[in-house]
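Throughout, numbering of the chain's residues begins at 1 and tracks the sequence. What you see is a predicted model, and the numbers here were worked out from it, not measured in a lab.
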Amino acid sequence: MTDHCTTTVGSYLADRLEEIGLKHYFAVPGDYNLVLLDRILENKNLEMISCCNELNAGYAADGYARATGGASAVFVTYSVGGLSLLNAVAGAYAEDLPVIAVSGGPNTNSEAEFEMLHHTLGKLDYDYQRDIFSKVTAEAVTIRDPHEAPTKIDHAIQTALRFRKPVYIEIACNIADAITSKPNVRSFGGPTASDPVSLQAAVDHVANLLNNAAKPVLVSGVKLRSFGAEENFHKLADASGYAIASMPNAKGFFDEQHPNYMGIYWGPVGSPGCGEIVDSSDLCLFAGPTFTDYTTTGHAALVDPSKVIQARPNSVVCPNQTFSNVKLSEFLEQLAPRITANDASMVAYKRIQEDPPALSAGAPETPLSTRQLVSRVQQMLTADSAVIAETGDSWFNGMQLNLPTGSRFEIQMQYGSIGWSVGALLGYCIGAPERRPIALIGDGSFQLTAQEISTIIRYNLNPIIFLINNGGYTIEVEIHDGPYNNIKNWNYADLVHVFNAADGNGWSGKAATEGELDEAIKTAKSHNGPAFIEVLIDRDDCSKNLLVWGSHVAKNNGRPPRVN
């Protein structure tokens with residue numbers, strides 16, 4: 001092997017990350033990954049984003065994957081770093097995001113010499129971190145032989161892209177600098193193609209069902225984006241003439257300015273009139289759905305399973321028949337030209353459609369309410385906006401927004417880890433610099449991951465953050481209240497000055513009245529850098545839908561055990 005055909009293991013990984021489209025990666029250093037980071041830094045087409053801790057770095061990788069639609073990468077040290085990262089990777093698994101988690105590992109000689117190592121569990125077990133990550137990734141590999149590095153790295157990356165799930169790569173600390181083959185040309189691609197026979201049979205069967213239905217509807221689901229099917233769902237919507245709804249975790253995946261869009265299908269807390277049309281339809285095609293206690297409001301959604309067709313990422317499930325190895329995007333693309341237009345469900349919706357009540361601004365000295373905050377956020381939205389809504393009342397406030405064509409909306413509804421939004425906002429800003437994200441974050445969630453505001457300031461990113469200070473975990477209060485839902489209040493706006501130190505460009509303000517909020521938003525919009533507005537809201541002021549949703553989820557959680 002000649003020199004021009006070789007590279008180091010770390011450089012090989014860096015080249016592959018660049019090849020699949022990454023321009024940035026997130027990192028927290030530690031002694032097991034320092035040499036690896038040296039090799040990654042040699043690739044000048046990749047920029048390292050240094051985070052405050054591993055959990056936040058993982059959330060940032062989550063946000064980056066959402067922003068770019070591709071993969072992301074995060075680098076940590078062994079055990080103390082990897083296990084801190086674990087929760088974020090689990091969330092990425094739940095949300096179908098191809099996060100590539102890379103950890104340094106023990107020296108290859110340590111196992112042979114039975115060494116007890118620092119940062120570990122104090123046992124002679126060198127594989128426990130890989131074993132743990134294998135539960136929350138689609139593939140987990142350990143590289144202790146440089147000759148195996150190309151095959152293992154390529155396999156892990158291919159798995160992440162094909163299955164839209166995280167993968168874990170552990171590289172021994174003395175292997176990162178070892179010589180291996182340079183990357184050879186190859187295609188990583190994405191999900192595999194459908195079985196053509198099964199695809200054709202599914203299209204024929206579903207087209208027949210829909211064309212014979214009286215009032216069919218379409219509902220967009222969260223899997224549309226992960227599996228590249230948003231565009232083809234739009235084509236089907238245009239061809240069908242059906243009324244269209246979105247599940248809550250798919251908000252923004254379908255153009256809300258489309259003439260046939262009804263709103264959010266979310267059981268008793270969905271958009272007015274939307275649930276009634278979906279529930280009364282004789283046939284509903286759900287494209288890429290997930291039916292959980294959260295997305296169905298404690299299983300309170302009333303849609304009849306015998307009237308539902310589910311187009312899943314890899315199959316189509318009809319009331320009495322299932323077609324396997326059918327890819328979601330291909331199915332929707334081929335179904336669209338087979339559909340006979342039918343606007344019956346849209347006609348029915350227009351009969352009961354309710355225009356949202358107009359909300360007039362109060363006097364400048366009027367104490368702020370969540371409704372007035374949401375109305376101001378609505379006025380800020382443009383085609384370049386991206387709303388990042390933290391777990392909690394921000395979900396329900398965000399659902400009220402009418403998104404302009406081109407804007408995006410992000411929540412972590414499947415995993416629902418509070419604190420996710422701060423790191424995800426960082427990653428989203430890095431991955432989509434053409435957008436100006438607007439974050440809605442509750443005070444309780446913010447306290448878990450507040451440090452990453454300093455990273456947002458460090459890289460002079462430009463989000464507008466609304467910190468909603470109502471003195472506790474409001475979403476938990478509405479599910480089940482107790483003293484554990486109270487938190488220590490902070491001077492949240494002052495944190496920006498702390499994080500700015502001598503060289504930061506963050507701006508912050510505080511608003512307790514409508515007039516103060518209007519002035520703060522005006523300043524934030526004109527500020528060229530991070531803007532942080534602490535909004536003071538009464539503890540009992542939350543959206544009506546959170547009250548309804550919380551009672552249903554509490555009822556579902558509180559079911560007594562079945563006794564035989």
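Test K251, R225, R435 against E410 for salt bridge (charged side-chain N to carboxylate O under 4.0 Å, His left out) and you get one pass: R225. Partner of D96 under the salt bridge (charged side-chain N to carboxylate O under 4.0 Å, His left out) criterion, chosen from R164, R162, K165: K165.
Atoms CD1 and CZ, on I537 and F466 in that order, are 11.0 Å from each other to the nearest 0.5 Å. Taking OG1 of T382 as the reference point, atom CG of L403 lies at 11.0 Å (rounded to 0.5 Å).
Within the 4.5 Å cutoff, side-chain heavy atoms of M48 are placed close to those of Y25. You'll find the side chain of C51 reaches within 4.5 Å of the side chain of L426, heavy atoms only. Residues V219 and L285 fail the side-chain proximity criterion, which asks for heavy atoms closer than 4.5 Å. By the 4.5 Å heavy-atom criterion applied to side chains, K223 and M247 are not counted as neighbours. At a threshold of 4.5 Å between non-hydrogen side-chain atoms, the residues I309 and V316 count as touching. Residues L467 and I533 are not in side-chain contact: their nearest non-hydrogen atoms beyond the backbone lie 4.5 Å or more apart. For the pair D393 and T370, the minimum side-chain heavy-atom distance is below 4.5 Å. Two residues are said to be in side-chain contact when any heavy atoms from C-beta on lie closer than 4.5 Å; I441 and I465 meet this criterion.
Cation-pi geometry between R351 and Y349 is not met at under 6.0 angstrom from the ring centre and within 45 degrees of the axis.
The pair K525-E519 fails the salt-bridge criterion, with no side-chain N (NZ, NE, NH1 or NH2) lying under 4.0 Å from an Asp/Glu carboxylate O. Salt bridge status for D384 with R436: absent, with no side-chain N to carboxylate O gap under 4.0 Å. Here E19 does not pair with R186 in a salt bridge; the nearest charged N to carboxylate O distance is not below 4.0 Å. In this structure, D518 does not pair ionically with K522, as no charged nitrogen and carboxylate oxygen lie closer than 4.0 Å.
Listed here is the closest heavy atom pair of S240 and L218: OG-CD1, 3.8 Å. Scanning both residues, M262 and S271, for their nearest heavy atoms gives O-CB, 4.0 Å. Minimum interatomic distance between C318 and F323 (heavy atoms only, all atoms of both residues): SG-CE1, 4.1 Å.
Heavy-atom neighbours of R371 CZ from other residues, nucleotides or ligands within 6.0 Å: at or below the threshold of 12. At most 12 heavy atoms of other shown residues, nucleotides or ligands fall within 6.0 angstrom of atom CD in E231.
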Can you list the steps and then say if K23 with E18 is a salt bridge (charged side-chain N to carboxylate O under 4.0 Å, His left out)? CA-CA 7 Å; K23 296 180 180 179; E18 179 190 356; over 6 Å; no

Given the rule in the salt bridge (charged side-chain N to carboxylate O under 4.0 Å, His left out) test, do E330 and K327 qualify, once you have shown the distances and angles that lead to the verdict? CA-CA 6 Å; E330 293 177 340; K327 306 304 177 182; over 6 Å; no

Please set out all donor-acceptor pairs under 3.5 angstrom arising from side-chain atoms of residues 331-340, sequence neighbours excluded.
residue	atom	partner	partner atom	Å
R338	NH1	D204	OD1	2.8
R338	NH2	D204	OD1	3.2

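The aromatic rings of F233 and F254 sit perpendicular to each other, their planes meeting at more than 60°, with 30° as the lower class boundary. By the 30° and 60° cut-offs, the orientation of the rings of W266 relative to F396 is parallel.
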